[in-house]
Amino acid sequence: MKLAAWNVNSLKVRLPQLLEWLAAQQADVVCLQETKLEDHNFPQQEIEAAGYQVVFSGQKTYNGVALLARETPVDVVYGNPHFPDPQKRLLAATVNGMRVVCAYIPNGQSVGSEKYAYKLAWLTALEAWVGEQLAASPQLALAGDFNIAPDDRDVHNPAAWAGQILCSEPEREAFQRLLGLGLKDSFRLFEQPEKSFSWWDYRMLGFQKNQGLRIDHILLSAPLAERCVAAGIERDMRKRERPSDHAPVTALIAV
DNA sequence: ATGGTAGCCGCGCTA
């Protein structure tokens, strides 16, 4: 069972790439972020024609999440019941007995800003709700764009990024609290190459210089982590013409 | 040196 998460940065622009990638990768469950589409514009037919069922929650211009699955997603929840939020950033569904939470965690803009406070509050509410979901569904995956580099290993230039947005201690502590619920960072269950990143700024030749951060994650509850046999980042997607600034991240789970 | 690039019903904002 292959699980993937990808911030597409506009599904309208990236749909052809998504369809090619689905055909090539044969992922079973895919969590998308930054679809930037209102629901009535969502390309449901194209995705169903590719062999996936899909649930989505989007808005114009910003945010937007979707969950694609080979099997029917059931018990769908849109948004965090503990955190009313006009921004469409969260979606959960059960696929084949596995609870999948697709999250687009706020970026936070800069440490100390209003958006930063929103990010930390959003994370606190996420922790509370995922804790409940986990109690009800022991087989749980939390996947998406976390906008947090958990560790200095996940940063191309830790000195320059120290204390900055995506790397600050409060953000990293929030990430650790999610792990504290009993989740594992699937990527770190395995030996990985140095300088493995999932996002590179479009500016300043960020990708060409591998000046990136690892901010996209798939966290797995213990029963899933025990069956996780591989995890990786599909870096080649960032080499394509007109790429998203994020590469997909994947986890392979034995069934 | 506070830049730069991409996406969007934008005429700046978010990332």
Side-chain angles (χ1 to χ4, degrees), chain A residues 5-21 31-43 46 56-66 79 83 85-91 102-123 126 143-150 154-168 170-172 174-175 197-217 233-249:
Chain A
W6 188 21
N7 179 322
V8 291
N9 187 21
S10 169
L11 185 53
K12 184 181 172 185
V13 172
R14 233 63 68 189
L15 180 62
Q17 280 185 37
L18 174 69
L19 296 175
E20 273 183 49
W21 178 71
C31 297
L32 301 180
Q33 300 83 42
E34 283 206 89
T35 54
K36 299 186 175 179
L37 285 172
E38 287 181 294
D39 291 345
H40 64 89
N41 290 324
F42 194 90
E46 290 89 333
F56 44 88
S57 172
Q59 66 188 89
K60 193 162 52 174
T61 310
Y62 304 117
N63 310 311
V65 286
F83 193 84
D85 187 0
Q87 303 190 27
K88 307 298 189 189
R89 298 179 172 277
L90 190 67
L91 180 61
C102 171
Y104 175 46
I105 290 170
N107 171 285
Q109 198 165 59
S110 61
V111 173
S113 67
E114 227 170 87
K115 291 189 174 69
Y116 183 73
Y118 164 70
K119 178 180 196 171
L120 296 181
W122 203 96
L123 281 161
L126 178 68
D145 178 359
F146 284 64
N147 273 312
I148 301 172
D154 304 312
V155 181
H156 74 276
N157 184 347
W161 281 86
Q164 301 298 307
I165 195 65
L166 315 181
C167 300
S168 74
E171 293 167 84
R172 286 179 168 177
F175 187 86
F197 307 126
S198 67
W199 167 82
W200 301 260
D201 201 304
Y202 283 123
R203 298 165 291 188
M204 307 296 284
L205 301 173
F207 181 68
Q208 290 86 335
K209 299 184 199 163
N210 198 30
Q211 295 181 345
L213 302 178
R214 191 176 69 91
I215 57 176
D216 301 272
H217 309 295
I233 301 173
E234 302 197 347
R235 194 177 185 282
D236 283 355
M237 289 301 288
R238 189 64 172 76
K239 297 178 183 169
R240 298 179 68 125
E241 237 178 273
R242 219 176 171 194
S244 167
D245 46 349
H246 295 252
V249 297

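Here the structure is a predicted model, which means the values were calculated and not measured. Numbered from 1 within each chain, the chains take letters A, B, ... in sequence-line order.
- Here B:dA1 presents its P atom at 14 Å from CE of A:Met204, a figure rounded to the nearest Å.
- B:dT2 and B:dG7 are spaced 26 Å apart, taking the P atom of each and rounding to whole Å.
- Side-chain atoms of A:Trp122 and A:Asp85 form a donor-acceptor pair, as typed in the model, at a separation below 3.5 Å.
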Original post:
What string of B, S and - do you get for nucleotides 10-15 of chain B 5' to 3' if you count protein non-hydrogen atoms under 4.0 Å?
Top reply: ---BSB
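- Shown here for A:Tyr202 and A:Asp245, the closest heavy-atom pair between the two residues is OH-N, 3.1 Å.
- By the 30° and 60° cut-offs, the orientation of the rings of A:Trp161 relative to A:Trp199 is perpendicular.
- Nucleotides B:dG12 and B:dA1 are separated by 24 Å at their C1' atoms, to the nearest Å.
- Distance A:Trp161 CH2 to B:dT2 C1': 14 Å, rounded to the nearest Å.
- For the pair A:Leu11 CG and B:dG7 P, the computed distance is 13 Å after rounding to whole Å.
- A:Leu37 has its CG atom 13 Å from the P atom of B:dG7, to the nearest Å.
- Residues A:Phe56 and A:Asp39 form a side-chain contact, since some pair of their non-hydrogen atoms from C-beta on lies under 4.5 Å apart.
- Atom CD of A:Gln208 and atom C1' of B:dT5 are 11 Å apart (whole Å).
- Spacing between B:dC9 and B:dA15 at atom P, rounded to whole Å, works out to 16 Å.
- For A:Gln59, the side-chain hydrogen bond (donor to acceptor under 3.5 Å, both in side chains) partners at least two apart in sequence or on another chain are A:Asn63.
- The C1' atoms of B:dG10 and B:dT5 are separated by 16 Å, rounded to the nearest whole Å.
- In this structure, the side chains of A:Lys12 and A:Lys36 stay at 4.5 Å or more apart for every pair of heavy atoms.
- Between A:Gln59 atom CD and B:dG7 atom C1' there is a gap of 14 Å when expressed in whole angstrom units.
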